[in-house]
Asks: 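Let me begin by handing over the structure; questions about it come next.
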Amino acid sequence: MIRRPWLPTALLAVAACASDTGIIVEVQWNSDEIPADADRLRVYVGTGVAGEPRFVVNDGGVVKPYAEVRQPYRYFLRPDGDLAEIGALKLAAAITRGVPPDAIEPIAFGAVGGEVPFIDGQIGLVKSVLSSVPYTPAGPDGECALYQTDSTGVIVI
């Protein structure tokens, strides 16, 4: 019999990964349509507001210098609490230029259609293809390229 002392460790690692819960957000775009002065790739994660059909942007997103990203860009989201309390997510991404406090100008934008829930014990994959015809900004803040402040001052996707 051949002994493989590394085998139990490898099987444990595979089992641990198999029981993970998460969502991989894959972002793609046409590099030929992105101007040289693009400076950020932004992935936004919104969580639902109980009893209302809106999603407030939380801190689950990421901002990366555009010069440092390659495509497809993959961002892994892990739940940070009870799945029932987190609920479904709304996901959006953009390539922008401008850094706060200056206005942020969207160059390309895309959103994952529908709501995306975490599923316990599974790793999901959702894809967003950015369009060079970006979301039209609305609202007083630079980040409003992706979301705007509603009448109560809450930031909503």
Side-chain angles (χ1 to χ4, degrees), residues 13-14 16-49 52-81 83 85-157:
V14 169
C17 290
S19 65
D20 249 350
T21 300
I23 299 169
I24 299 170
V25 182
E26 182 177 286
V27 183
Q28 299 176 3
W29 60 91
N30 183 343
S31 299
D32 295 337
E33 296 177 357
I34 306 301
D37 61 346
D39 63 25
R40 297 286 185 271
L41 171 67
R42 300 170 183 272
V43 177
Y44 290 87
V45 179
T47 54
V49 176
E52 298 185 33
R54 61 184 183 170
F55 286 77
V56 176
V57 172
N58 66 19
D59 61 359
V62 66
V63 178
K64 290 283 193 183
Y66 181 71
E68 295 177 10
V69 297
R70 301 292 176 261
Q71 69 166 316
Y73 178 78
R74 292 182 181 101
Y75 179 58
F76 185 59
L77 288 167
R78 288 184 190 271
D80 62 354
L83 298 184
E85 289 180 18
I86 294 171
L89 307 175
K90 284 282 197 176
L91 306 167
I95 295 173
T96 63
R97 69 177 136 227
V99 179
D102 297 329
I104 295 172
E105 178 187 351
I107 295 170
F109 174 80
V112 174
E115 299 175 5
V116 181
F118 285 108
I119 299 173
D120 192 28
Q122 294 185 19
I123 304 224
L125 172 66
V126 294
K127 296 182 180 185
S128 177
V129 178
L130 304 186
S131 169
S132 62
V133 180
Y135 175 85
T136 303
D141 303 317
E143 295 281 358
C144 63
L146 299 174
Y147 55 87
Q148 61 187 8
T149 304
D150 71 5
S151 60
T152 64
V154 175
I155 298 195
V156 179
I157 283 186

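One is the number of the first residue; the rest follow in order along the sequence.
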Asks: For the atom pair CD1 (Ile95) and OG (Ser31), what is the distance rounded to the nearest 0.5 Å?
Replies: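 Between atom CD1 of Ile95 and atom OG of Ser31 there are 7.5 Å.
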
Asks: Specify the closest pair of heavy atoms between Gly114 and Lys90, including all atoms of both residues, with the distance to one decimal.
Replies: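 That would be O-CD, 3.6 Å.
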
Asks: If you measure only the distance, is there a donor-acceptor pair under 3.5 Å linking the side chains of Ser128 and Glu26?
Replies: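 The criterion, which ignores hydrogens and geometry beyond distance, is not satisfied for Glu26 and Ser128.
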
Asks: Spell out, as yes or no, whether a donor-acceptor pair under 3.5 Å connects the side chain of Thr21 to the backbone of Gly121.
Replies: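 Pair found, side chain donor or acceptor close to backbone of Gly121.
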
Asks: Quick one: pull up NZ in Lys127 and CD1 in Ile24 and give me the separation to the nearest 0.5 Å.
Replies: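 These two atoms lie 10.5 Å from each other.
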
Asks: Can you name the salt bridge (Lys or Arg N to Asp or Glu O under 4.0 Å) partners of Asp32, sequence neighbours left out?
Replies: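 Salt bridge (Lys or Arg N to Asp or Glu O under 4.0 Å) list for Asp32, sorted by chain: empty.
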
Asks: Who are the side-chain hydrogen bond (donor to acceptor under 3.5 Å, both in side chains) partners of Arg40, not counting sequence neighbours?
Replies: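 side-chain hydrogen bond (donor to acceptor under 3.5 Å, both in side chains) list for Arg40, sorted by chain: empty.
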
Asks: When you measure from the side chain of Gln71 to the backbone of Trp29, do you find a donor-acceptor pair of N or O atoms at a distance under 3.5 Å?
Replies: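 Yes: the side chain of Gln71 pairs with the backbone of Trp29.
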
Asks: Taking atom CZ of Arg42 and atom OH of Tyr75, what is their separation to the nearest 0.5 Å?
Replies: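 One gets 13.5 Å once the value is rounded to the nearest 0.5 Å.
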
Asks: How far apart are the C-alpha atoms of Ile123 and Phe76, what are their side-chain angles, what is the distance that settles it, and do they pass the side chain to side chain contact (heavy atoms under 4.5 Å, CB included) test?
Replies: CA-CA 9 Å; Ile123 304 224; Phe76 185 59; 3.6 Å; yes

Asks: Side chain to side chain contact (heavy atoms under 4.5 Å, CB included), that's the test. Do Tyr66 and Ile34 meet it? Break it down for me.
Replies: CA-CA 10 Å; Tyr66 181 71; Ile34 306 301; 3.6 Å; yes

Asks: If we check side chain to side chain contact (heavy atoms under 4.5 Å, CB included) with Thr96, which of these qualifies: Val63, Asp39, Ile107?
Replies: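 Answer after filtering Val63, Asp39, Ile107: Asp39.
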
Asks: Give the minimum heavy-atom separation between Ile119 and Leu83, together with the two atoms involved.
Replies: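 Heavy-atom minimum between the residues: C-CD1, 4.4 Å.
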
Asks: Which distance, rounded to the nearest 0.5 Å, do you find between the CG of Leu91 and the CG of Leu77?
Replies: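 Here the interatomic distance stands at 6.5 Å.
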
Asks: Determine, for Arg97 against Asp37, whether the closest basic-nitrogen to carboxylate-oxygen distance falls under 4.0 angstrom.
Replies: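 Looking at Asp37 together with Arg97, the answer is yes, because their closest N to O distance falls below 4.0 Å.
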
Asks: Nearest heavy-atom pair of Leu130 and Ala93: which atoms, and what distance?
Replies: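 Here Leu130 and Ala93 meet closest at CD2-O, 3.5 Å.
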
Asks: With Val62 as reference, evaluate Leu41, Val69, Val43 under the side chain to side chain contact (heavy atoms under 4.5 Å, CB included) test and give the passing residue.
Replies: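 Among Leu41, Val69, Val43, the one meeting side chain to side chain contact (heavy atoms under 4.5 Å, CB included) with Val62 is Val43.
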
Asks: In Å and rounded to the nearest 0.5 Å, what is the CG to CZ distance from Leu89 to Phe118?
Replies: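 One gets 5.0 Å once the value is rounded to the nearest 0.5 Å.
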
Asks: Got a second to check how far Ile23's CD1 is from Leu125's CG, nearest 0.5 Å?
Replies: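 One gets 10.5 Å once the value is rounded to the nearest 0.5 Å.
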
